[in-house]
Amino acid sequence: PRLCRRPLHSLPQPPSFGIAFDIDGVILLGHSPIGGSPQALKRLYHDSGSLKIPYVFLTNGGGVPESKRALELTKQLGVNISPLQVIQGHTPFKELVKRFENELVVAVGKGEPAEVISEYGFKNVISIDDYASCFENIDPLAQYKNWRKVQATNCDMSLRSDPVSQRVQAVFIVSDPIDWSRDIQVLCDILRTGGLPGRAISYQPPIFFANDDLAYQALFPAERLGMGAFRIALESIFNSIHPNAMEYTSYGKPNPVVFKNAESVLMQILSSSYHNHLMNGGLKKPFKMLYMVGDNPAVDIKGAQQAGHPWYSILTRTGVFKEKGNHADYPADLVVDTVEEAIDYILMKEQ
Ligand code: G3P
Ligand code: MG
């Protein structure tokens, strides 16, 4: 059959730029949209509803699988968001599947931490709630935690064998921990005994944090303590009860690897949105500009700066940063009041 190709000039040209949006403090506060985010994001789509400008959400938050988060964001923002567009703090944990595929690993944090990493391919995962419930009296304060009594936790029997006699080979802090006192207690038990709570002091199994944010912006007017604050608390207690200092790995922004990965995801999104153009002999060119729109100078802006070309940083005033001018230590390339202003600026500059 003869191939009928539309001439290249009549096809919509792929943009030479992409955008990464932080979520907390830029797009949402708690579960509510802020800064005109729904109407502003709409401008990144064609009238047909298909994606015009490649963009991702690059958040240090998480706690639910990317597919579920994409559905939640679609509902909250009224635009169609695909799981590929959602990069969460814990998304890079996928890379560790090979190392711990069949090992017992403990998942910590709000939401569905065990489901998140099971979906990545880890096969022997237990949440810290269920793990703690396997050990009688592991948390002496549990009897005073009325809110825990209504929560159904069970010692998970879907695991390959009894979690009490199995060594925990790694711990994943997937999202912000809820019960700091219980979690610090149980994690110290795991980390100081080679993964066998209640046994003798031994080596420390690896612990991975999805981010190292000291603080983030939620609904309360002042910043809230984040996973980085939890890490400091755990580390300082662990270091007081164990001969060797806690070893850990943190993911998330401002790590340059996160920005490299976002760039390659944006390229994948561009390729699938402009598939016809490429099929017709259009060349896949690297991005001329990538915009990071964030609210946290030490995380979003520092990260974009460290990542270098082609990243351009835009700081909003709807989250952690609220000052008039620019940030003193991590000045952004541009400071705006809201994400809507950021999108106005980008579209005006790129047209
Ligand atoms: O817990 C979430 C927080 O640490 C940061 O989220 O979207 O501002 O990167 P985000
Ligand atoms: Mg933020």
Side-chain angles (χ1 to χ4, degrees), residues 19-35 37 41 55-64 66 69-70 72-73 76-77 81 85-93 107-113 116 172-178 180 183 208-234 250-259 261-262 265 291-304 306-307 311 313-323 327 330 332 335-339 342:
I19 314 174
F21 295 101
D22 175 75
I23 294 184
D24 292 311
V26 170
I27 299 288
L28 301 175
L29 270 189
H31 297 289
S32 313
I34 50 162
S37 55
L41 290 171
Y55 79 88
V56 290
F57 293 106
L58 191 57
T59 176
N60 274 354
V64 289
E66 285 70 17
R69 191 79 199 269
E72 282 176 16
L73 288 165
Q76 287 161 335
L77 301 167
I81 292 153
Q85 286 176 284
V86 180
I87 306 173
Q88 308 194 90
H90 47 71
T91 305
F93 287 170
V108 182
K110 68 175 185 185
E112 306 160 359
V116 167
F172 291 89
I173 313 297
V174 174
S175 47
D176 292 328
I178 302 171
W180 283 33
D183 291 356
F208 303 94
F209 292 84
N211 73 61
D212 201 36
D213 288 359
L214 186 59
Y216 67 101
Q217 190 66 43
L219 281 166
F220 194 73
E223 295 152 39
R224 302 293 82 198
L225 299 174
M227 196 181 289
F230 177 81
R231 191 264 302 159
I232 293 169
L234 173 66
S250 310
Y251 290 77
K253 301 167 286 183
N255 196 326
V257 178
V258 172
F259 288 81
N261 174 53
V265 172
Y291 297 90
M292 173 71 221
V293 185
D295 69 302
N296 190 334
V299 175
D300 305 312
I301 306 308
K302 182 181 177 190
Q306 281 179 345
W311 288 93
S313 57
I314 304 184
L315 179 60
T316 69
R317 295 193 174 93
T318 41
V320 169
F321 181 78
K322 301 172 185 78
E323 292 155 41
H327 190 262
Y330 305 108
V335 186
V336 292
D337 284 339
T338 64
V339 65

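One-based numbering, in listed order, for ligands and for the atoms of each. Numbering starts at 1 and runs along the sequence shown.
Scanning both residues, Ala332 and Ser313, for their nearest heavy atoms gives CA-OG, 3.5 Å. Shortest non-hydrogen contact noted between Pro177 and Asp183 is CB-OD2, 3.5 Å.
The backbone N or O of Phe93 sits nowhere less than 3.5 Å from a side-chain atom of His90 that would complete a donor-acceptor pair.
None of Leu58, Thr59, Asn60 except one satisfies the side chain to side chain contact (heavy atoms under 4.5 Å, CB included) rule with Ile87; the exception is Leu58. When each of Asp212, Asp176, Asp213 is paired with Arg231, the salt bridge (Lys or Arg N to Asp or Glu O under 4.0 Å) condition holds for Asp212 and for no other.
Between Asp295 atom OD1 and Asp22 atom OD2, the angle centred on the Mg ion (ligand 2) amounts to 80° (nearest 10°).
Residue nearest to atom 3 (C) of ligand 1, selected from Asp213, Val26, Leu58, Leu214: Asp213 (by heavy-atom distance). When the heavy-atom distances from atom 7 (O) of ligand 1 to Thr59, Ile27, Val299 are ranked, the shortest goes to Thr59.
Heavy atoms of Met227 stay at 4.0 angstrom or farther from ligand 1.
The ligand atoms of ligand 1 that sit less than 4.0 angstrom from a heavy atom of Lys253 are 9 (O). With ligand atoms numbered from 1 in the order given, ligand 1 contributes 7 (O) to contacts under 4.0 Å with heavy atoms of Ile23. Interface atoms of ligand 1 facing Asp22, defined by a heavy-atom separation under 4.0 Å, are 7 (O), 8 (O), 9 (O), 10 (P). The ligand atoms of ligand 1 that sit less than 4.0 angstrom from a heavy atom of Asp24 are 2 (C), 3 (C), 5 (C), 6 (O), 7 (O), 8 (O), 10 (P).
No other N/O/S atom of Asp24 lies as close to the Mg ion (ligand 2) as O does.
Ring geometry for Phe230 versus Trp180: interplanar angle over 60°, hence perpendicular rather than tilted (30 to 60°). Aromatic ring orientation, Phe21 versus Phe57: tilted (interplanar angle from 30° to 60°).
Looking at ligand 1, you won't find any N or O of Lys110 less than 3.5 Å from one of its N or O atoms.
Contacts between Asp176 and ligand 1, counted as non-hydrogen atom pairs separated by less than 4.0 Å, involve the side chain only.
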Which donor-acceptor pairs under 3.5 Å do the side chains of residues 315-322 make with protein atoms, sequence neighbours left out?
unit_1: Thr316; atom_1: OG1; unit_2: Thr318; atom_2: OG1; d: 3.0
unit_1: Arg317; atom_1: NE; unit_2: Glu323; atom_2: O; d: 2.6
unit_1: Arg317; atom_1: NE; unit_2: Lys324; atom_2: O; d: 3.3
unit_1: Arg317; atom_1: NH1; unit_2: Asp337; atom_2: OD1; d: 2.9
unit_1: Arg317; atom_1: NH2; unit_2: Lys324; atom_2: O; d: 2.1
unit_1: Arg317; atom_1: NH2; unit_2: Gly325; atom_2: O; d: 3.2
unit_1: Thr318; atom_1: OG1; unit_2: Gly25; atom_2: O; d: 2.7
unit_1: Lys322; atom_1: NZ; unit_2: Gln217; atom_2: OE1; d: 2.9
unit_1: Lys322; atom_1: NZ; unit_2: Gly319; atom_2: O; d: 2.9

